[in-house]
Amino acid sequence: EDTRYVSGTWTQVYKKASTSSAKCGKLSYGESVILIKEKSGWAKVQNEQGAVGFCKLSALTKNNPNTLNKTCYALSSGVPVYRHALTSSKKLGALAKADAVTVVAATKDGKWFRIEYESGYGYVRSTSLSKTQPEVPTVMYICTNTAVVYKSASTASTKLLLMNYGESLVRRKTSGS
């Protein structure tokens, strides 16, 4: 079995070995295919779902690019996860702010990450993720009689406000205990 991987951001798949043939799908960076046959610069391939079609042989590589395995975090809520490394492709879902994902590959131009998503893979714009987890504001409630809010993370700093039992505040950052 001859496994190949898509080496460009994406490549078109055709029913026959010709760009004038009907289009039957796309393959995105890092997707694996089984090379069934190659002829005149074309590859007859079978994708991970079992569908068979033709793509340019030059769009494939023997080297598996899915080796990053690094954890990254969504920088905001609603980060779209796409089926292919194209904003026009089907959206599989969205990430919430600070959601952790495993990045398995990055396109050569660095614009897209291939991530583990649900039971398969998806693609997100690389600018939507960070190596460090962003702070997520959290609503908290005072559960003592009173609590003092300070200007900085020190009881020696300026007192800004005295809060009473049951009042709420938004925690943006935690420092110390």
Side-chain angles (χ1 to χ4, degrees), residues 1-138 172-173:
E1 194 169 277
D2 191 358
T3 301
R4 302 287 174 102
Y5 302 88
V6 178
S7 60
T9 302
W10 68 276
T11 190
Q12 188 67 56
V13 180
Y14 300 91
K15 288 198 182 268
K16 296 181 181 177
S18 168
T19 55
S20 60
S21 172
K23 296 175 183 177
C24 61
K26 291 180 176 77
L27 294 169
S28 288
Y29 184 79
E31 283 189 73
S32 66
V33 294
I34 296 169
L35 179 65
I36 298 169
K37 181 179 172 182
E38 60 180 274
K39 185 178 179 185
S40 303
W42 285 91
K44 183 176 184 180
V45 296
Q46 181 178 2
N47 71 9
E48 295 164 348
Q49 292 75 37
V52 175
F54 294 84
C55 68
K56 294 282 190 166
L57 185 60
S58 60
L60 304 176
T61 181
K62 290 182 178 185
N63 300 324
N64 184 351
N66 300 300
T67 58
L68 281 181
N69 290 322
K70 67 179 181 176
T71 301
C72 287
Y73 303 91
L75 287 170
S76 61
S77 287
V79 171
V81 180
Y82 297 97
R83 167 67 183 94
H84 297 287
L86 296 162
T87 55
S88 61
S89 76
K90 178 183 175 184
K91 288 183 185 174
L92 301 176
L95 303 175
K97 184 173 183 176
D99 275 357
V101 294
T102 300
V103 175
V104 295
T107 57
K108 289 179 183 176
D109 63 9
K111 292 181 180 179
W112 290 92
F113 286 148
R114 185 173 199 224
I115 64 168
E116 291 178 353
Y117 188 72
E118 294 178 351
S119 59
Y121 297 95
Y123 295 84
V124 296
R125 297 298 304 229
S126 59
T127 55
S128 301
L129 300 180
S130 171
K131 291 178 185 174
T132 57
Q133 188 170 16
E135 289 285 336
V136 178
T138 305
R172 300 201 183 278
K173 201 170 191 181

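Along the sequence shown, the residues carry numbers beginning at 1.
Across every non-hydrogen atom of Thr87 and Tyr82, the tightest pair is O-CE2, 3.3 Å. Of all heavy-atom pairs spanning Pro65 and Ala105, the tightest one is O-CB, 3.5 Å. Between Gln133 and Ala98 the shortest heavy-atom distance is NE2-O, 3.6 Å. Minimum interatomic distance between Tyr29 and Ala106 (heavy atoms only, all atoms of both residues): CE2-O, 3.1 Å. Between Gly122 and Leu92, the shortest heavy-atom contact is CA-CD1, 4.0 Å. In terms of heavy-atom proximity, Ala74 sits nearest to Pro134 at O-CG, 3.4 Å.
Side-chain contact between Lys26 and Leu86 is present, with heavy atoms from C-beta onward closer than 4.5 Å. Side-chain contact between Ser21 and Phe54 is absent, with no heavy atoms from C-beta onward closer than 4.5 Å. Put simply, the side chain of Asn66 reaches to within 4.5 Å of the side chain of Arg114, judged on heavy atoms. Put simply, the side chain of Lys108 reaches to within 4.5 Å of the side chain of Ser7, judged on heavy atoms. Side chains of Ile36 and Val45 form no contact here, defined as non-hydrogen atoms less than 4.5 Å apart. Within the 4.5 Å cutoff, no side-chain heavy atoms of Gln12 are placed close to those of Thr19. Contact annotation: the side chain of Glu31 never approaches that of Tyr5 to less than 4.5 Å [non-hydrogen atoms, C-beta and beyond]. Side-chain contact between Asn69 and Val104 is present, with heavy atoms from C-beta onward closer than 4.5 Å.
Atom-to-atom distance recorded for Asp99:CG and Ser76:OG is 10.5 Å, nearest 0.5 angstrom. Remark: Leu75 CG to Leu95 CG distance equals 10.5 Å, nearest 0.5 Å. Note that OG1 of Thr102 is 11.5 Å distant from NZ of Lys70, once rounded to the nearest 0.5 Å. The line from OG1 of Thr11 to CG of Leu57 is 10.5 Å long, rounded to the nearest 0.5 Å. We find the OH-CG distance between Tyr73 and Leu129 to be 11.0 Å, quoted to the nearest 0.5 Å. Atom-to-atom distance recorded for Lys56:NZ and Tyr14:OH is 8.0 Å, nearest 0.5 angstrom.
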So Thr3 and Leu35, side chain to side chain contact (heavy atoms under 4.5 Å, CB included) or not? Walk me through it. CA-CA 6 Å; Thr3 301; Leu35 179 65; over 6 Å; no
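The number of heavy-atom neighbours closer than 6.0 Å to NZ of Lys44, taken from other residues, nucleotides and ligands shown, is 12 or below.
In this view, Thr107 and Asp109 satisfy the side-chain hydrogen bond (donor to acceptor under 3.5 Å, both in side chains) rule, not counting sequence neighbours. Checked against side-chain hydrogen bond (donor to acceptor under 3.5 Å, both in side chains), Glu1 has no partners two or more places apart in sequence or in another chain.
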